*Asks:* 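My questions all concern the structure below.
Bear in mind that the values here come from a model prediction, so they are computed numbers and not experimental data.
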Amino acid sequence: MHKKILVKGYFKRNLGDDLFLKVLTERYPERQFEVIVDAENAGYYSTFNNLHVIKRNFIFKALNKLLSLFSIGGIYSVLLYRYFAVIEIGGSIFPQPMKEPFIEKERMFLSNRIDHYFVIGSNFGPYSSKKFLDEYKNFFREIDGTVFRDKKSFSLFKKLDNVRYSPDVVLGMGNYNLKVNNTTQTRYAVISAIDLGFKDISRNTAITNKKVDYEKKLLNVILDLIDHGYEILFVPFSKTQNDLGVSAELKERIERLRPTSKISILKEDNIEKKVTVIKNSSLIISTRYHAMILGWLYNINQLVFIYSSKTRNVINDLFPEQYCYDLENNSSLKFEINKMNTINSKDINEIKKKAEQQFYYFDQLLMELKNK
């Protein structure tokens with residue numbers, strides 16, 4: 001039996017992370033990947049090509065709890081034989097936890113016992129402790145390779161020989177098999193809204209105080225777009241983090257103010273459908289990081305609401321001219337539709353080529369295995 005590659009990440013039907021997984025599996029169709037996901041999401045991820053899904057159901061959880069009495073690896077202590085490599089792929093997967101240990105026991109267990117370990121597509125932080133940083137310097141030094149998606153994260157570890165920088169994984173997606181088209185004639189704007197009240201370890205805790213202000217400003221922008229003749233389509237990226245709920249609330253408020261406006265919400269959990277409607281849109285109001293990335297990829301003018309340093313850092317790296325509103329630093333927004341912009345086609349084609357280097361270290365391993 002050929003050993004699989006264990007893929008770890010935030011796989012809870014979040015469009016950005018799901019695109020990571022789709023790019024990975026379609027880049028290597030001859031390889032077999034495996035993920036462990038919550039039972040209610042297993043059917044969704046089982047549709048991915050060359051991806052085997054293990055359900056985190058009651059039996060799994062009970063067994064994991066029992067085995068944790070004997071090994072810090074829990075259920076992984078009996079799954080190790082299945083894998084020759086681990087790929088952690090995701091964005092904000094290294095935030096500093098509230099208390100030690102700073103490096104997850106599971107992460108240490110797997111990196112110490114499986115032959116090859118890679119980190120792809122991430123940023124580092126937020127963090128406040130030098131000890132946290134130093135522990136991860138040691139961790140990254142010991143694994144096969146890490147590729148960050150922003151220069152600020154890379155700068156923290158640039159002295160390590162096995163750490164690199166490359167633009168976001170999804171910026172290389174154009175080379176893969178997403179069945180997108182551009183046939184619609186409707187002029188509509190896609191809205192990527194988030195719930196700033198949702199508490200997440202990867203977010204600045206102070207950003208929750210901006211929820212009311214953010215939704216008010218977003219509402220005014222949408223009203224302006226409607227007054228310019230655009231239909232509105234909300235595209236929630238994450239049900240778990242309440243994108244759908246906040247989209248529905250905004251829709252109700254807009255319909256009271258503009259009763260004749262055409263507003264809808266895309267509720268389907270389908271990657272191709274979501275990417276298609278984004279690609280076919282006329283404009284994007286991006287709050288989700290990967291809404292911005294897709295706007296760049298498909299050359300769609302946009303306004304970006306920055307709620308996290310991950311967005312701010314990538315804008316600084318790739319397109320400082322991006323029309324944006326920084327929720328942490330700005331107090332007022334005078335929206336001007338003609339200022340909406342995106343990366344030009346020539347530059348994005350160069351960036352797409354560089355994004356391929358997210359897989360640099362894993363490609364090296366596969367080349368070595370091929371030549372044996």
Side-chain angles (χ1 to χ4, degrees), residues 9-27 44 48 88-93 95 120-123 147-150 153 166-176 178 180 189-196 198 200 202-203 218 233-244 246-247 266 268-281 283-319 322 324 327 342-343 348 351-352 354-355 358:
Y10 183 84
F11 302 125
K12 297 178 181 291
R13 302 196 193 191
N14 177 303
L15 180 60
D17 295 281
D18 293 349
L19 287 172
F20 282 154
L21 189 57
K22 189 164 186 68
V23 172
L24 175 67
T25 55
E26 293 195 354
R27 181 181 174 88
Y44 171 81
F48 285 52
E88 271 202 82
I89 188 166
S92 301
I93 56 177
I120 295 174
S122 74
N123 49 264
V147 185
F148 289 110
R149 67 180 178 185
D150 68 290
S153 295
S166 176
D168 192 271
V169 167
V170 176
L171 286 166
M173 188 177 69
N175 301 324
Y176 305 109
L178 280 164
V180 295
V190 159
I191 312 297
S192 160
I194 68 169
D195 182 359
L196 285 185
F198 183 87
D200 185 273
S202 67
R203 296 184 188 179
L218 179 57
L233 176 61
F234 285 93
V235 181
F237 276 48
S238 172
K239 285 185 180 178
T240 303
Q241 297 183 352
N242 199 38
D243 290 19
L244 181 59
V246 77
S247 297
L266 180 63
E268 294 179 51
D269 265 337
N270 181 288
I271 293 179
E272 282 81 3
K273 179 66 174 178
K274 287 185 176 181
V275 174
T276 296
V277 299
I278 291 172
K279 182 177 185 291
N280 292 346
S281 66
L283 299 171
I284 307 176
I285 306 300
S286 302
T287 311
R288 281 288 175 188
Y289 168 88
H290 276 105
M292 176 185 74
I293 294 295
L294 290 171
W296 287 347
L297 183 64
Y298 295 124
N299 199 232
I300 302 166
N301 287 337
Q302 58 185 319
L303 163 67
V304 178
F305 280 91
I306 299 174
Y307 74 96
S308 168
S309 59
K310 66 182 180 184
T311 307
R312 188 181 307 112
N313 292 337
V314 171
I315 287 175
N316 290 338
D317 291 342
L318 299 178
F319 190 47
Q322 177 63 59
C324 61
L327 288 160
T342 194
I343 301 178
I348 201 63
I351 291 169
K352 285 164 65 174
K354 293 176 181 177
Q358 280 286 345

*Asks:* Check step by step if side chain to side chain contact (heavy atoms under 4.5 Å, CB included) holds for F48 and I271.
*Replies:* CA-CA 10 Å; F48 285 52; I271 293 179; 3.6 Å; yes

*Asks:* From K239 NZ over to N242 CG, what is the distance, rounded to the nearest 0.5 angstrom?
*Replies:*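 Separation between the atoms: 11.5 Å.
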
*Asks:* Between H290 and D168, is there a side-chain donor-acceptor contact under 3.5 Å, judged purely by atom types and distance?
*Replies:* yes

*Asks:* Is the backbone of Q241 close enough, under 3.5 Å, to the side chain of S238 for a donor and an acceptor to pair up by distance?
*Replies:*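 A pair under 3.5 Å: yes.
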
*Asks:* Does any non-hydrogen side-chain atom of Y289 lie less than 4.5 Å from one of R149?
*Replies:*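 R149 reaches Y289 side chain to side chain.
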
*Asks:* Looking at Q358 and V169, would you say the former's side chain and the latter's main chain have a donor-acceptor pair under 3.5 Å?
*Replies:* no

*Asks:* Are the side chains of S122 and F148 in touch, meaning some heavy atoms are under 4.5 Å apart?
*Replies:* yes

*Asks:* Nearest 0.5 angstrom please: K279 NZ to L297 CG, how far?
*Replies:* 9.0 Å

*Asks:* Return the CZ to CG distance between R312 and D317, rounded to the nearest 0.5 Å.
*Replies:*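 So the gap between those two atoms works out to 12.5 Å.
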
*Asks:* Can you name the nearest heavy-atom pair linking A193 to T287, along with the distance?
*Replies:* CA-OG1, 4.3 Å

*Asks:* Nearest 0.5 angstrom please: L294 CG to M173 CE, how far?
*Replies:* 5.0 Å

*Asks:* Would you please test I300 and V190 for side chain to side chain contact (heavy atoms under 4.5 Å, CB included) and show each step?
*Replies:* CA-CA 10 Å; I300 302 166; V190 159; over 6 Å; no

*Asks:* Please report the interatomic distance CZ(F11) to CG(D17), rounded to the nearest 0.5 Å.
*Replies:*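 Rounded to the nearest 0.5 Å, the CZ-CG separation comes to 6.5 Å.
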
*Asks:* Which atoms form the tightest heavy-atom contact between W296 and L171, and what is the distance?
*Replies:* CB-CD2, 4.5 Å

*Asks:* Can you find a heavy atom in the side chain of L218 that is under 4.5 Å from one in the side chain of I285?
*Replies:*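 Touching, per the 4.5 Å side-chain cut-off.
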
*Asks:* Where is the tightest heavy-atom contact between F237 and G16, given as atom of each residue plus distance?
*Replies:*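 That would be CD2-N, 4.3 Å.
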
*Asks:* Decide yes or no for N313 and N123: does some side-chain heavy atom of the first lie under 4.5 Å from some side-chain heavy atom of the second?
*Replies:*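 Not in contact.
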
*Asks:* Checking side chain to side chain contact (heavy atoms under 4.5 Å, CB included) for the pair I315/I306: CA distance, chi angles, key distance, verdict?
*Replies:* CA-CA 10 Å; I315 287 175; I306 299 174; 3.7 Å; yes

*Asks:* At their closest point, which heavy atom of A355 faces which heavy atom of S166, and how far apart are they?
*Replies:*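 Closest approach of A355 to S166: CA-OG, 3.4 Å.
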
*Asks:* Which atoms form the tightest heavy-atom contact between T240 and K12, and what is the distance?
*Replies:*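 Result for this residue pair: OG1-O, 3.5 Å.
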
*Asks:* Ignoring hydrogens and angles, tell me if any N or O in the side chain of Q322 forms a donor-acceptor pair with the backbone of Q302 under 3.5 Å.
*Replies:* yes

*Asks:* Could you list all the salt bridge (Lys or Arg N to Asp or Glu O under 4.0 Å) pairs where at least one residue sits in residues 285-301, not counting sequence neighbours?
*Replies:*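 Pairs touching residues 285-301 that pass the test: D243-R288.
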
*Asks:* Locate the shortest heavy-atom distance separating I284 from S286; write the atom from each residue and the value.
*Replies:* CG2-OG, 3.0 Å

*Asks:* Measuring from atom OH of Y298 to atom OG1 of T342, what distance do you get when rounded to the nearest 0.5 angstrom?
*Replies:*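 Answer for the OH-OG1 pair, Y298 versus T342, is 12.5 Å.
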
*Asks:* Less than 4.5 Å apart, any side-chain heavy atom of L327 and any of L196?
*Replies:* yes

*Asks:* Under 3.5 Å, is there a donor-acceptor pair between the side chain of K310 and the main chain of D150?
*Replies:*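 No: the side chain of K310 does not pair with the backbone of D150.
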
*Asks:* Report the C-alpha distance between I194 and V246 in whole Å, list the side-chain angles of each, state the deciding distance to 0.1 Å, and finish with yes or no for side chain to side chain contact (heavy atoms under 4.5 Å, CB included).
*Replies:* CA-CA 7 Å; I194 68 169; V246 77; 5.6 Å; no

